[in-house]
Amino acid sequence: MPRETYQGIIKQLKARRNVDFSLYKENTILRRIERRMTSLKIHHSADYLAYLQDNKEEINYLFNDMLIGVTSFFRDPRAFDNLQRELANYIQNKSNKSLRFWCVACSTGEEPYTLAIILSEILGDKIDEYKIQIFATDIDQNSINFARLGVYPETALNFIPRTIKNKYFLLNSEQYELIKPIKSKVIFSVHDVNNDPPFLRLDLITCRNLMIYFTVELQRQILPMFHYALNPKGLLMLGQSESIGVFQEQYRPLSKTGKIYETLFVGKQLPPERKTSRGISLTTNNMKELKPILTSQHNRNKVDAELTNIIADTLREFVLPNAILLNENQDIIFTQGDNALLVRPTGLPSNNIFKNLHPQLSIDLRSAFHNIQNGQKVADTGYQSFKLNDENVWVKLILMTIEREGPLGRLTLIFSQIELPENIPLLTTDKQETSNQAIALEQQRLLAKTKEQLQNVIEELETSNEEMQSMNEELQSSNEELQSSNEELETTNEELQSTNEELQTAYAELRMAYEEREHQRIELDRLKVDLEHSNTLQHEAERSAQMGSWFWDLTTRKLEWSNGCYELFGLDKEVFHPSYEAFIGLASGEYRSRLEEQLTNLLHNRATQPFIFEALDVDRNISIMSLEAVVSFNDLKQATRVMGTIRDITHSVMKEKEQVVYKDTITYLLNNTLTASFVLDIDKLQIEYINAAFQKLLGYSEVVINALADEKLFTLFNTKDAIVFKGIVDKVSRSTVGECVPGKYAIKPKDSNVFMNVYANHTVYELNDTTGLPQKMLVTLFAAD
C-alpha cells in the first residue's frame, strides 16, 4: 500500500474517531484495512480511501475492526494467581486503606471485574473498610456500554471455578449478572491511553496485550507514563508477550511468569514527555512561510553551528572534560568524561549526586546548591585539597543552572576541575614565606566558607522554623475542622446505617417477591408447555378425525375456532376471522337458512342433533359437515354459551352411498341370475343372503340357511370338503377386491344324504369400514357332472 494512502486512512480515523493509529504497528493496521477491503470487494487501496471519504459509516466499521477485543474472566489463571499473591502482600504493607486500580484497554469488562473479585477474595469481610476504585478504560464506547451492564452469557463463565460463579454471579434470564458489590467497585469510561492524561496515585495498573499492537516508540512513551501514575512500590501487570524493555531502573520483576512488576522510586517523579506522532508534518503554507528564512540564513547558520561545535568540542576535550547533568531532584541524568570524583556506593543503587560524589566535596557542594537556589546563575565550591587515587590534588566544582521547557524543567550542570599542586600558582614557589602565606590564605578561605555555610544553615533553620510554626497553626485549625467533620460524619453514618437497615428490609421483601415471581414464572412455563402439548394433541386428534371444535360466547357474541375448523374449510387463520355471519356464509345454498334455523333452535333447546349440512371450502368445493353442540343456560334459562364440534363426513357419506348402490346392484344381479349364489359373513361364518337359484338348487330357505352360523355352517360339507371350504374362506379374507378364488367341493342338499358336487367362484363382496379388510364373501355355484 502506498505511504500516502496509508497516512490518508490514518488521518481519516484521527479526524472522525479522534484516535491516532500512527504509532500502532503498521503490519497489524494493514491487515485490518485489507480485511475491510476484502469484505467490500475493493482491490486498490486508493479506491478504498475514496470510499472511506464518501461513506461516513465505513469509518465506524474500520474503527471497530481495528479493535481486537479478546478478553475473558481470569484470562491466564496462573498469572492471576501470582497477582493475587503479590497484591495481598502489597495491601498488607500499605499504610492506608485506599486502593486505586487502573485496567487499561478493558474491552467488555471481564478483566476489571476479575480484579474486583480478587480483591473481594483477599479482603473478605474487611472489604467495606477500604475505599476501592477500579478505573476501567477503553477507546471503544460500545464495549464500555456493554461492560457497565455486567451481564454475560453462560459461555463467558466456562473457565470460572464453580465456587466463584455461585458466589459472585446471579442467573438472570439465561444470562449471568455480577452481584452489585462487585459492579459498584468498577468505574468505566472512554479513554485513549495514547492521548489522554493518566489516572494518578495508583496502586495497580493492568495493561495486558495492548502494547503488542504499539511500536517501540509508543511503548517507550507508555511505560514511563505508567511509572509516573503509580505509587512507589505500586504494581504493574503486563501480558505474557510484553516486557518493560529498557526501563529496568524503574521496575523490578516480582513474577516473571505472571509478568508482574514493582515500581522503583527514582527521586522526584516527573510527567513523561509525549512526543508528537510521526504522522504529523508541516503544512504547505508553513513551509512557504519558512522557505525565505531558511534560504537566506542557511549558509550563515551552518558556519556558526560549525564554529560553535569546534569551540565546544575543544573546551570539552582540554579545559572541562568532566560534566554532570542533574534534574531538579538532584539526581544524575547524564555524565560526560571519565570522572574520578564519581563513586558507586554500596547498597541499593541510587542516582542522587550526594550518594555518588566523593564525600569530601559534599558540604561545599550543598553550599553551592544553596547559592544556585537563591538565584545565582553560576556557583563554585572553591579549591579543596585531598588525596585522589593516591595522589594529592586540588579540586573545584563549578555549578550552572539551565532553564529548560518540558517535563524535565530546570537542570543543573556541574563541571569538575582537578588540578595538581604544581598548577596552583601560590604553591609553585620555593620560599617558605610564600608557602606560609598560601596556607594562611587557604585557612582564611576555609574559615570564610565555614561561616558562609553556617550562615546558610542558620537561615535554612529559621525558615524551616517559621514554616513549622505556620504549619502547626494550620494543623490546629485543620484538627478543629476535622473534629467538626468527624461529628458530621458520625451523624451521617447513623443516618446511613438507618437507611441501610431500611434497604436491607426492602431488599429482603424484594427478594421474597422475586423468588415468588420466579416460582410463578416456572409454573407458568410448565403450564405453557402442558398447554402447548395439549393443543398439539388436540390438533393431531382433530386432523386425524377430520373435525374441529368451536366456542360461541353469547354475551360478547364472540366466536372462536380451533385449528381443526380452519383446516376443514381450508381457511387461513391470519386472514379469516370467525363470526356468526361468516359461519352461516360457509353453508351452501339452501343450507344457510337451515343452519341459521338450527343455531336458533339450539339456543331454545329444541334442536335435533347431529345436523348435517353442505358447506363450501375456500376452493368452492362442496363438503358434507356434521354439527353437534352443547348449550349452557343460566338460572333464567337463557343460553349463555355454546360449545360444539364440526366433523367432515363427506367421505363416509359418499362411501355409504357407494355401498348402497353397490349392494343394490349386486342384489339386482343375484336376483335376476340363474346361477346359485350366496353371501357369507367371513367373521361370523354365517350365510346372510341366498338367491332364488340357490334355494331351487339345494332346497334351503333363507331362514334355515341363516341359522347355520359358525361351526354349524360346516354341516353342509363332509369332513374333507369342510377343510377345503375353510381354506378358501381364509384365502378370500386375505385377497383384494376383484380377485376370484375358484374351488370344487360337495354340498349336502336339504333332506338328502347324497352330497352334490359343485364348482364355485369366491370373491370379496364387502370391506370392513374400520380395518379395510374383506368382511363378506360372494359365492357362485355351478353343478358339476
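In this chain, residues are counted from 1 in sequence order. Heavy-atom basis, side chains included; hydrogens, waters and symmetry copies ignored.
Between the side chain of Tyr251 and the backbone N or O of Leu223 there is at least one donor-acceptor pair closer than 3.5 Å. Under a 3.5 Å cut-off, the side chain of Arg148 and the backbone N or O of Phe188 do form a donor-acceptor pair. A side-chain donor-acceptor contact under 3.5 Å links Asp138 to the backbone of Ser107.
The shortest distance between side-chain heavy atoms of Phe101 and Gln133 does not fall below 4.5 Å. Lys183 places a side-chain heavy atom less than 4.5 Å from the side chain of Tyr113. In this structure, the side chains of Leu230 and Asp203 stay at 4.5 Å or more apart for every pair of heavy atoms.
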Given side-chain hydrogen bond (donor to acceptor under 3.5 Å, both in side chains), test Asn60 with Arg16 step by step and report yes or no. CA-CA 9 Å; Asn60 296 327; Arg16 298 191 189 180; over 6 Å; no

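Summarising the geometry, atom CD1 belonging to Ile205 is positioned 10.0 Å from atom CG belonging to Leu235; distances are rounded to the nearest 0.5 Å. Here Phe80 contributes atom CZ and Phe73 contributes atom CZ; the two are 10.5 Å apart, rounded to the nearest 0.5 Å. Atom CD of residue Glu110 and atom OG1 of residue Thr108 lie 3.5 Å apart, to the nearest 0.5 angstrom. Going from atom CD1 of Ile332 over to atom CG of Asn327 covers 10.0 Å, rounded to the nearest 0.5 Å.
Using bins of under 30°, 30° to 60° and over 60° for the plane-to-plane angle, the ring pair Phe369/Phe354 lands in the tilted bin.
Under the 4.0 Å criterion applied to side-chain N and carboxylate O atoms, Lys165 and Glu154 are not assigned as salt-bridge partners. Salt-bridge check for Arg521 with Glu518: passed, with a basic side-chain N closer than 4.0 Å to an acidic carboxylate O.
Taking the six-membered ring for Trp and the full ring otherwise, the centers of Tyr24 and Tyr213 sit at least 6.0 Å from each other. You'll find the ring centres of Phe199 and Trp102 inside the 6.0 Å limit.
Checked against Leu238 for a side chain to side chain contact (heavy atoms under 4.5 Å, CB included), the options Ile260, Ile212, Ile244, Thr206 give a single hit: Ile244.
When only modelled atom types and interatomic distance are considered, Tyr48 and Glu34 share no side-chain donor-acceptor pair under 3.5 Å. In this structure, a donor-acceptor pair under 3.5 Å is present between the side chains of Gln141 and Asn145. In summary, the side chains of Asn209 and Glu242 do not present any donor paired with an acceptor at a separation below 3.5 Å, with no hydrogens or angles considered. Using modelled atom types, one finds no donor on one side chain facing an acceptor on the other under 3.5 Å when comparing Asn231 with Thr263. In the model, Ser98 has no side-chain atom that pairs as donor or acceptor with a side-chain atom of Asn96 under 3.5 Å.
Of all heavy-atom pairs spanning Cys207 and Phe226, the tightest one is CB-CE1, 3.8 Å. A pairwise comparison of heavy atoms in Leu83 and Leu204 identifies CD1-CD1, 4.1 Å as the closest pair.
Taking the centre and axis of the six-membered ring of Phe63, the NZ or CZ atom of Arg17 falls inside the cone set by 45° and 6.0 Å.
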